[in-house]
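A quick write-up on the structure given underneath.
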Amino acid sequence: MQVRLTAPFTDQKPGTSGLRKSSKQFQQPHYLESFVEAILRTLSGVRGGILVLGGDGRFGNKNAIQVILRMAAAHGVRKVITTVDGILSTPAASHLIRSQHAIGGIILSASHNSGGPDGDFGVKINGANGGPAPESLTNAIYSCTQSLDAYQIIDHSNISLDYVGTYAISLMEVEVIDGIEDYVLLMQKLFDFDRIKDFINDDFPIVFDALNAVTGPYAKRLLEGLIGVPNGTVRNGIPLEDFGGCHPDPNLTYAHELADLLLHGKQYCFGAACDGDGDRNMILGQGCFVNPSDSLAVLAANTSCVPGYSEGLRGIARSMPTSSAVDVVAKDLNIPSFETPTGWKFFGNLLDADLITLCGEESFGTGSNHVREKDGLWAVLFWLQILSNKRCSVAELMKQHWSRFGRHYYSRHDYEAIDSETAYDLYSRLELMLPNLVGTSFAGRHVSLADNFSYHDPVDGSITNKQGLRILLDDGSRVVLRLSGTGTQGATLRIYLEKYVQPTGDLNQLPQNVLSALIKEIDAYAEISQRTGMPCPTVIT
Ligand code: VG1
Ligand code: CO
């Protein structure tokens, strides 16, 4: 059946790996369908191909699955693999796409954004390598939406997502699988669960917060099932359509209940949380928050503890705003390190070309070549494996790490939901001023470089410009500014601050104190509080 569209669809921001908007916008007639039509017209191999489909369980997930199934059938897809209750984390989807030789996947999630009728919804597109769609694909989808005048859909009743089963919609097969199983098997290949089990059961109590989002069922099977920790270790473990009203973003602000348990309580030795779609992670020890940039460095420095990585690393990559902590480890290991723009899609080529094994972002994202997405629970298991081998606390491990490699004091300040024009003006004004900064003094140091970061992909030669304003100082300190590409209300300004202290220096200071001169200087220079009217950031990490 062909449904004609009367108004053009103009809502897709080019350059993002999908469409992320309010649930209300997604409920407009033909809205979801128009975007899906553009995906199915653009993705290569749709006719006769296999597609993976699932989501993080938020409001709209199940309905979107039914719509996409009927549209996929109309477009001649051979088979769609979807999951019981439509539950499929982003890393698990990436794994399925790869293991099932699918042409790609559609993941229904707005990741760490809130959910429910008043929250956000999203449609993410992954390619045949299991990774987020590259810009070339999202741009092509975007141009397709611009001229769309109709979409194809088949009339069919809903498929049951209650149990595992196989169905047909017209000529298309629908396989409803358990979305947890394959992922658990993959983790069993990488980690020594018995060793983790011995360590934890020997008086190392842990707690995990799924924030009522997708990782609940995965964590229950991995932690309470395989590792055998007490039931209830996984808190907020049932995926809810509105995430129980909470913001499924694992940071100190939005996962504060867990943070309080670890930072102020004595009950647990280790705590972790993941985001809405399961690709991010926050790691906490007793009285100790692990900065995500440090987390990546610790993983890289300790791969010999983990069976899946015992052969060592090919190389590492980090996003530009991520601290240089992992670069220092790479240097020590004598392996290459790459600096990419923000967004997991930029790691795809490096992973596919086997140039790197580990990669990560400061935004609580770490991952490896086992899939093509960042992977929250994988990082949790990696940490538990290191701790089991070293038989030490998180705080001790961090101390050992810094006393060997030095400490990159780091913080990210987010100013959320600023008026878009104000944010844009602030940003472009600073961009224009940057060339004049080079050679002058900033927070008492000399500015060695000030520019808008551009990335040259060593694999396909592509160049991606304007990926963030950076001010580099002669002592290795940095301030980076970006406007978020994932927010749905106004604009979000992110400021990343970093200062390196040698192993012989004071490694036990508070990051906000160490960074205070940079914080003050950038506020004055970019007129942040003055222009936004916000005296302080909404989220400090
Ligand atoms: C944020 C993070 C970025 C991450 C992206 C998607 O983007 O900063 O590092 O890759 O979210 O993560 P931005 O443009 O808002 O800074 V997720 O968990 O949505 O897949
Ligand atoms: Co996410």
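Order of appearance sets the numbers: ligands from 1, and atoms from 1 within every ligand.
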Item checked: Whether Asp279 side chain and Glu373 backbone form a donor-acceptor pair below 3.5 Å -> no
Check: Any idea which protein heavy atom is nearest atom 1 (C) of ligand 1, and the distance to it?
Finding: Arg280 NH2, 3.5 Å
Check: For ligand 1, which part of Arg412 has a heavy atom less than 4.0 Å away: the side chain, the backbone, both, or neither?
Finding: side chain
Checklist line | Nitrogen or oxygen atoms of Tyr496 and ligand 1 under 3.5 Å apart | finding: no
Item checked: Closest non-hydrogen atom pair between Met398 and Asp294, with its separation -> CE-CB, 3.8 Å
Notebook entry, point to check: Where does Ser363 meet ligand 1, judged by heavy-atom distances below 4.0 Å: at the side chain, the backbone, both, or neither?
Noted result: side chain
Next item on the list: Taking the side chain as every heavy atom from C-beta outward, state whether Ile177 and Asp182 have any atom pair closer than 4.5 Å.
Entry: yes
Notebook entry, point to check: Do the ring planes of Tyr455 and Phe346 sit parallel (below 30°), tilted (30 to 60°) or perpendicular (above 60°)?
Noted result: perpendicular
Margin query: Tell me every residue that passes side-chain hydrogen bond (donor to acceptor under 3.5 Å, both in side chains) with Lys466, counting only those two or more places apart in sequence or in another chain.
Written below: Glu431
Next item on the list: May I ask you to identify, for Glu373, whether its side chain, its backbone, both or neither come under 4.0 Å of ligand 1 on a heavy-atom basis?
Entry: neither
Notebook entry, point to check: Which one of Ile528, Val480, Leu469 satisfies the side chain to side chain contact (heavy atoms under 4.5 Å, CB included) criterion with Ile495?
Noted result: Ile528
Margin query: For atom 14 (O) of ligand 1, what is the closest protein heavy atom, and at what distance to 0.1 Å?
Written below: Gly485 N, 2.6 Å
Next item on the list: Just say parallel, tilted or perpendicular for the rings of Phe191 and Tyr309, cut-offs at 30° and 60°.
Entry: tilted
Check: In Å and rounded to the nearest 0.5 Å, what is the CD1 to CG distance from Ile106 to Leu88?
Finding: 12.0 Å
Item checked: From the candidates Asp249, Asp279, Leu483, the one that places a heavy atom nearest atom 20 (O) of ligand 1 -> Asp279
Next item on the list: Return yes when Gly365 approaches ligand 1 closer than 4.0 angstrom through a heavy atom, no otherwise.
Entry: no
Item checked: Mode of Thr492 contact toward ligand 1 - side chain, backbone, both, neither (heavy atoms, under 4.0 Å) -> neither
Next item on the list: Give the numbers and elements of all ligand 1 atoms closer than 4.0 Å to a heavy atom of Gly343.
Entry: 10 (O)
Next item on the list: Under 4.0 Å from a heavy atom of Arg494: give me the atoms of ligand 1 that qualify, with their elements.
Entry: 8 (O), 13 (P), 15 (O), 16 (O)
Next item on the list: Within a distance under 4.0 Å of any heavy atom of Asp275, pick out the atoms of ligand 1 and give their elements.
Entry: 18 (O)
Margin query: Give me the residue, atom name and distance of the protein heavy atom closest to atom 10 (O) of ligand 1.
Written below: Glu361 OE1, 2.7 Å
Next item on the list: Could you tell me which non-hydrogen atom of Phe347 sits nearest to which non-hydrogen atom of Ile356, and how far apart they are?
Entry: O-CD1, 4.2 Å
Check: Are any of the side-chain nitrogens in Lys374 or Asp275 under 4.0 Å away from the carboxylate oxygens of its partner?
Finding: no
Check: Which of the numbered atoms in ligand 1 are below 4.0 angstrom from a heavy atom of Arg482?
Finding: 13 (P), 14 (O), 16 (O)
Check: What atoms of ligand 1 come closer than 4.0 angstrom to any heavy atom of Lys124?
Finding: 20 (O)
Note to self: Closer than 4.0 Å to some heavy atom of Arg20 - which atoms of ligand 1 meet that?
What the structure shows: 19 (O)
Checklist line | Numbered atoms of ligand 1 (with element) below 4.0 Å of His112, judged on heavy atoms | finding: 11 (O), 17 (V), 18 (O), 19 (O)
Check: Counting only heavy atoms not in Leu449, do more than 12 fall under 6.0 Å of its CG?
Finding: yes
Checklist line | Parallel, tilted or perpendicular: rings of Phe405 and His401 (30°, 60°) | finding: tilted
Checklist line | Sub-4.5 Å side-chain heavy-atom contact between Met433 and Tyr525 | finding: yes
Check: What residue and atom, counting heavy atoms only, is the protein's closest point to atom 7 (O) of ligand 1, and at what distance?
Finding: Thr486 CG2, 3.5 Å
Notebook entry, point to check: Which residue supplies the protein heavy atom nearest to atom 17 (V) of ligand 1, what is that atom called, and how far is it?
Noted result: Ser111 OG, 2.8 Å
Margin query: Testing the basics here: between Glu135 and Lys345, what is the closest heavy-atom pair and its distance to 0.1 Å?
Written below: OE2-CE, 3.4 Å
Item checked: Ionic contact status for Asp327 with Arg318, cut-off 4.0 Å -> yes
Notebook entry, point to check: Are any of the N/O atoms in Lys374 less than 3.5 Å from those in ligand 1?
Noted result: yes
Margin query: Using 30° and 60° as the class boundaries, would you call the ring planes of Tyr218 and Tyr183 parallel, tilted or perpendicular?
Written below: perpendicular
Note to self: Return all protein N, O or S atoms below 2.8 Å from the Co ion (ligand 2), chain by chain in residue order.
What the structure shows: Ser111 OG, Asp275 OD2, Asp277 OD1, Asp279 OD1
